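Report on the structure given below.
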Amino acid sequence: GLGGEVEAWPADWANCDQDCRHRTITAYDEGRKRTHCPYAGYRRNLAMVESAPVLALAFIHNASKGASHCAQAAEDAGIPTLRYPTGGGA
């Protein structure tokens, strides 16, 4: 295998930070009201890239905007990035 380790990088969907240009969005999920920051995933992606991994593996399902953003940010940072599109739309 490639070695290395798996790290969890959960997004903080419940909160906007002081630099967030978006307002929280309120939506209904299975009849429950939920509020979330639409920028949280992108913020988490940039934090992952800023951690300077030696390699990025991007599993991009159905041309996901979030996964594609993260892969592009990694490439822009000079991090070797392997893209694995799945599910069509890629």
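For clarity, every value in this text was computed on a predicted model and none was experimentally measured. Scope of the values below: all heavy atoms of this structure, side chains included, with no hydrogens, waters or symmetry mates.
Between T86 and I60, the closest side-chain pair of non-hydrogen atoms is not below 4.5 Å. Put simply, the side chain of P53 does not reach to within 4.5 Å of the side chain of M48, judged on heavy atoms.
Looking only at distances, no side-chain donor or acceptor of N45 sits under 3.5 Å from a matching main-chain atom of A73. For S64 (side chain) and H61 (main-chain N/O), no donor-acceptor pair under 3.5 Å exists by modelled atom type.
Below 30°, between 30° and 60°, or above 60°: for F59 and Y84 the angle between ring planes is below 30°, a parallel geometry.
Closest approach of A71 to A58, counting heavy atoms only: CB-CB, 3.7 Å. The two residues A74 and A56 come nearest to each other via the heavy atoms CB-CB, 4.0 Å.
Using a cutoff of 4.0 Å between basic side-chain nitrogens and carboxylate oxygens, R43 and D17 are scored as salt-bridged.
A distance of 10.5 Å separates NE2 in H69 from CZ in R44, rounded to the nearest 0.5 Å. Here the OG1-CG distance, from T81 to L57, works out to 8.5 Å after rounding to the nearest 0.5 Å. I79 CD1 to S51 OG: the interatomic distance, rounded to the nearest 0.5 Å, is 7.0 Å.
Residue L46 is grouped with residue Y42 when hydrophobic side chains (ILVMFWY) are merged at heavy-atom distances under 4.5 angstrom, including chains of intermediate members.
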